[in-house]
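What follows is a single structure, written as structure tokens, with notes after it.
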2 protein chains.
Amino acid sequence: MNKKTTLSDVAQSLGVSITLVSMVVNNKGNKYGISPETQQKVWDKIHELNYKPNLLAKGFRTGKTSAIGLIVSDISNRFYAKIARHIEDLAWQNGYTVIICSTDESVDKELRQMGILLERKVEGIIVSSSQTSTKIFEDLVAMEYPFVLIDRNFGNMKFSSVSINNEQGVEMAIEHLYQQGYRKIGMFSISPGYISTIKNRKIGFYNSMQKLSLPIVDDWCIEIPFNQVEQDIPQHLSLLKSNKNLPEAIIAMNNNLASATLLSLKNLGIRIPRDMALISFDDDQSFNFSSPTITAIEQPIEQISHHAFDILMKQINNKTKGIYQAEILPVKLKIRESTSKGC
Amino acid sequence: MNKKTTLSDVAQSLGVSITLVSMVVNNKGNKYGISPETQQKVWDKIHELNYKPNLLAKGFRTGKTSAIGLIVSDISNRFYAKIARHIEDLAWQNGYTVIICSTDESVDKELRQMGILLERKVEGIIVSSSQTSTKIFEDLVAMEYPFVLIDRNFGNMKFSSVSINNEQGVEMAIEHLYQQGYRKIGMFSISPGYISTIKNRKIGFYNSMQKLSLPIVDDWCIEIPFNQVEQDIPQHLSLLKSNKNLPEAIIAMNNNLASATLLSLKNLGIRIPRDMALISFDDDQSFNFSSPTITAIEQPIEQISHHAFDILMKQINNKTKGIYQAEILPVKLKIRESTSKGC
DNA sequence: AATTACAATTAAATCGTTTTAGACCAAATT
DNA sequence: AATTTGGTCTAAAACGATTTAATTGTAATT
């Protein structure tokens with residue numbers, strides 16, 4: 001690869017100092033009293049030689065990399081892909097670059113990704129964490145390293161975070177099912193079960209089932225390894241079906257579960273909502289054109305992204321040294337065909 | 001933020017030179033004949049002080065950043081999200097970090113993103129380009145800068161690229177429709193129309209329509225600005241419907257078009273495949289559980305990602321100086337319910 | 001005893017940028 | 001005439017790592 005032109009090249013070919021060129025490039029010419037004519041000369045030469053700053057050198061010298069990290073479990077998941085896109089847009093508008101990392105729900109991989117982000121000196125991290133321990137985040141706090149938890153948090157609110165009200169979402173859903181006349185309600189969730197969103201959704205489920213005095217049936221409440229959803233759901237459902245032990249309704253605790261359940265019900269000839277109702281936690285475009293359309297708990301993806309980014313920027317700009325901001329956003333229930341007993 | 005420990009800290013507290021520590025850290029201890037005991041001492045101290053290399057300094061000094069760029073039009077699009085995930089996995093396995101950029105089909109934004117990637121000294125770029133001109137890529141070639149075009153290319157095969165056989169895909173689709181008895185076939189595509197994939201899909205469409213002596217009706221062949229798909233499709237379809245001028249089948253030239261068309265047909269009460277058949281270019285999970293299920297041209301996403309990454313790595317490792325590798329992968333037609341006239 | 005060889009280690013240059021402290025010169029002030 | 005001021009500009013250090021060439025001390029060779 002050809003070597004790039006550097007500040008020094010520009011300075012030399014102009015017979016001025018590197019310092020001067022650097023000042024001009026950074027629009028500090030006026031601040032440092034560089035004459036307008038000189039500034040113009042510098043700019044002309046910069047364009048002539050097609051000078052481009054070496055961001056590595058710059059970041060190395062200044063400590064400002066204009067980069068942030070985003071850690072999620074899987075960037076190809078529709079929910080995180082949307083989050084990523086919003087964060088990327090905000091970052092772009094603010095002159096930042098985003099480094100996205102998928103962790104596959106692995107505690108260890110996440111830690112290593114985090115380590116690399118730190119070594120790369122990103123200025124802050126937005127993370128939907130799969131950690132079981134809060135150690136790494138306590139370390140980050142001790143280092144005064146900017147970070148914001150999104151989606152998943154650690155309950156105690158000791159860290160900056162933007163999450164949604166998972167319990168409320170599930171409670172709305174169960175109450176809706178109840179009003180529609182459903183009583184035998186099952187729940188599909190994933191393991192690892194320590195993931196806060198899943199944990200809270202399950203709490204919401206048990207709470208509202210209890211409140212409504214509905215029976216909690218173990219056979220209907222299953223927990224599937226996150227990476228086996230597509231294989232295990234059909235298996236479970238067909239077992240329930242052959243045992244004539246199907247619930248009247250299922251709430252699926254994330255979009256993958258819901259999609260897999262929908263597909264599987266369809267393949268088994270179990271009709272929605274006639275034979276069974278279905279609700280998804282987390283909405284998706286495709287739930288609008290599936291047949292039937294699927295009732296879903298919609299998360300405010302754009303808001304989550306926006307708030308998280310804002311909080312991170314505040315931390316980076318040191319406006320909130322030592323202050324933690326924990327936000328919980330409300331969700332909406334999008335009622336569609338999959339839960340109307342009447343059909 | 002607390003200052004990090006550096007090589008110099010480790011060296012000092014051990015009473016050895018920075019050089020020595022650096023050699024050990026990089027596992028070159030043996031190569032440079034550092035005694036085993038010294039190496040052990042260094043490692044112990046490194047762990048004790050929790051030394052982490054500054055990748056910025058390292059990259060700056062060596063020119064190796066272990067980072068690559070990925071440029072796509074929209075990372076939240078399901079197709080690109082999957083590509084991104086595969087590339088990220090491969091990068092992770094090879095010790096690379098990926099910087100993902102969305103361009104919104106903007107020539108200018110893409111150029112600026114590319115500029116930033118270069119300034120950040122990524123070692124190579126994988127790009128699904130929205131450029132109208134090949135200038136930037138000719139510049140990259142001149143600089144011997146590693147890059148691979150994916151998905152979209154520039155026909156001339158002057159650059160390394162991994163694409164799919166778009167014409168073939170469409171031809172398979174049209175022939176399938178023909179065999180099923182459909183004759184009045186429309187096509188929904190997007191603008192900007194210079195995007196190579198779209199362009200080639202349209203060519204495929206016109207070719208096979210001509211080959212089969214089918215009429216090409218302007219009202220059925222529409223081109224929608226990529227960011228207005230969701231608004232414009234319902235409008236067009238309802239117009240066609242009220243004019244009683246609906247085609248018997250539509251091929252949608254990407255997954256967004258297909259989803260929007262499906263949703264809109266449903267809302268208008270146009271039944272698939274009874275009233276109209278639908279084929280999507282680019283498959284999606286949701287086409288399995290929509291009703292009806294949707295026939296789609298499936299792209300080999302994993303293969304595309306794999307080949308692109310391999311080619312990039314070859315370039316980076318300089319095994320192919322000046323050699324360009326252009327690949328065109330075949331697609332598959334997934335026949336589902338949306339195109340069976342019998343139903 | 002002088003030279004060579006080798007193993008283990010280090011000094012110093014370097015990458016491209018920013019920034020601090022000061023240099024230089026002409027004009028203004030005393 | 002000597003000093004101060006202000007406007008432009010520069011020298012040099014620093015950031016944290018890698019790498020080349022050199023150094024040291026000891027053992028082996030002549």
Side-chain angles (χ1 to χ4, degrees), chain A residues 1-43 45-46 49-67 116 118-121 123, chain B residues 1-43 45-46 49-67 116 118-121 123:
Chain A
M1 190 161 56
N2 294 349
K3 56 179 158 302
K4 299 279 295 183
T5 53
T6 68
L7 276 190
S8 153
D9 296 330
V10 178
Q12 244 170 13
S13 77
L14 226 40
V16 298
S17 72
I18 295 178
T19 309
L20 188 149
V21 180
S22 167
M23 288 165 167
V24 174
V25 170
N26 291 294
N27 293 311
K28 293 181 180 159
N30 295 331
K31 177 180 165 194
Y32 285 109
I34 312 295
S35 74
E37 308 86 57
T38 313
Q39 290 194 40
Q40 192 53 55
K41 270 195 328 194
V42 171
W43 280 120
K45 188 58 85 179
I46 281 173
L49 300 182
N50 191 30
Y51 167 76
K52 294 275 186 267
N54 179 331
L55 257 33
L56 237 40
K58 183 174 186 146
F60 169 48
R61 168 62 225 237
T62 61
K64 285 246 345 156
T65 51
S66 296
I116 287 178
L118 296 183
E119 290 176 7
R120 286 194 185 277
K121 307 289 171 193
E123 294 182 28
Chain B
M1 190 160 57
N2 294 349
K3 55 180 161 302
K4 301 279 293 181
T5 53
T6 68
L7 276 190
S8 154
D9 295 330
V10 178
Q12 245 170 13
S13 77
L14 227 39
V16 298
S17 72
I18 296 178
T19 310
L20 188 149
V21 181
S22 168
M23 288 165 167
V24 175
V25 171
N26 290 293
N27 294 311
K28 293 181 182 160
N30 295 331
K31 178 179 163 196
Y32 286 110
I34 312 295
S35 75
E37 308 85 59
T38 312
Q39 291 195 40
Q40 192 52 55
K41 270 195 329 197
V42 171
W43 279 119
K45 187 58 84 177
I46 281 172
L49 300 183
N50 192 28
Y51 166 77
K52 295 272 186 270
N54 180 332
L55 258 33
L56 238 40
K58 182 172 186 146
F60 168 48
R61 168 63 225 242
T62 61
K64 284 248 341 158
T65 52
S66 296
I116 287 179
L118 295 183
E119 290 176 6
R120 285 193 185 278
K121 308 289 172 194
E123 296 181 29

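The chains referred to below are lettered A, B, ... by the order of the sequence lines, with proteins before strands, and numbering in each begins at 1. In what follows, every heavy atom counts, from backbone to side chain, and hydrogens, waters and symmetry copies are set aside.
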Let me have the donor-acceptor pairs involving side chains of residues 12-19 of chain A, under 3.5 Å, with sequence neighbours excluded, atom names and distances please.
from: A:Ser13; atom 1: OG; to: A:Asp9; atom 2: O; distance (Å): 3.4
from: A:Ser13; atom 1: OG; to: A:Val10; atom 2: O; distance (Å): 3.3
from: A:Ser17; atom 1: OG; to: A:Leu20; atom 2: N; distance (Å): 3.1

*Could you state the NZ-P distance from A:Lys121 to D:dG16, rounded to the nearest angstrom?*
8 Å
*With respect to the phosphate group of D:dC9, does any side-chain polar atom (N or O) of A:Thr38 fall under 4.0 Å of OP1 or OP2?*
yes
*Could you state the atom-to-atom distance from NZ of B:Lys28 to C1' of C:dA8 in whole Å?*
18 Å
*Got a sec, which residues hit side chain to side chain donor-acceptor pair (under 3.5 Å) with B:Thr38, two or more places apart in sequence or on another chain?*
B:Ser35
*Answer yes or no: is there a side-chain heavy-atom contact under 4.5 Å between B:Ser22 and B:Val24?*
no
_Least distance between heavy atoms, B:Trp43 atom then B:Asn27 atom_ = CZ2-OD1, 3.6 Å
*Quickly work out the B:Lys31 NZ to C:dT9 P distance and round it to whole Å.*
17 Å
*asked:* In whole Å, I'd like the distance from the CG atom of A:Asn30 to the P atom of D:dG7.
replied: 13 Å
*Which residues share a side chain to side chain donor-acceptor pair (under 3.5 Å) with A:Glu119, sequence neighbours left out*: none
*Between OH of B:Tyr51 and NZ of B:Lys45, what distance do you get to the nearest 0.5 Å?*
15.5 Å
*Value in whole Å for how far the P atom of D:dG16 lies from CZ of A:Arg120*: 18 Å
*Residues that B:Asn50 engages under side chain to side chain donor-acceptor pair (under 3.5 Å), provided they are two or more places apart*: B:Lys52
*Is there side-chain contact between A:Gln39 and A:Asn30, with at least one heavy-atom pair below 4.5 Å?*
yes
_Can you list everything that forms a side chain to side chain donor-acceptor pair (under 3.5 Å) with B:Lys121? Sequence neighbours excluded, please._
none
Only distances under 3.5 Å count here; give the side-chain donor-acceptor pairs of residues 56-64 of chain B to other protein atoms, sequence neighbours excluded, each with its distance to 0.1 Å.
from: B:Lys58; atom 1: NZ; to: B:Asn26; atom 2: OD1; distance (Å): 3.1
from: B:Thr62; atom 1: OG1; to: B:Lys58; atom 2: O; distance (Å): 2.8
from: B:Thr62; atom 1: OG1; to: B:Lys64; atom 2: N; distance (Å): 3.1
from: B:Lys64; atom 1: NZ; to: B:Tyr96; atom 2: OH; distance (Å): 3.1
from: B:Lys64; atom 1: NZ; to: B:Glu123; atom 2: OE1; distance (Å): 3.2

*What string of B, S and - do you get for nucleotides 10-17 of chain C, 5' to 3', if B is base contact, S is sugar-phosphate-only contact and - is no contact with any protein heavy atom under 4.0 Å?*
BBBBBBBB
*Rounded distance [0.5 Å steps], OG1 in A:Thr65 versus CG in B:Leu55*: 11.5 Å
Between the protein and nucleotides 26-28 of chain C, are there any N/O to N/O pairs under 3.5 Å, and if so, what are the atom names and distances?
none

*Divergence of helical axes at both termini of the helix from C:dA1-D:dT30 to C:dT30-D:dA1 - five pairs an end, 10° steps*: 80°
*asked:* What is the distance, to the nearest angstrom, from the CG atom on A:Leu55 to the C1' atom on D:dC15?
replied: 16 Å
Check nucleotides 4-7 of chain C against the protein and report each pair of N or O atoms closer than 3.5 Å, with its distance, or say if there are none.
none

*Calculate, to the nearest 0.5 Å, the distance between atoms CD1 and OG belonging to A:Ile116 and B:Ser66 respectively.*
9.0 Å
*Who passes salt bridge (charged side-chain N to carboxylate O under 4.0 Å, His left out) against A:Lys41, sequence neighbours left out?*
none
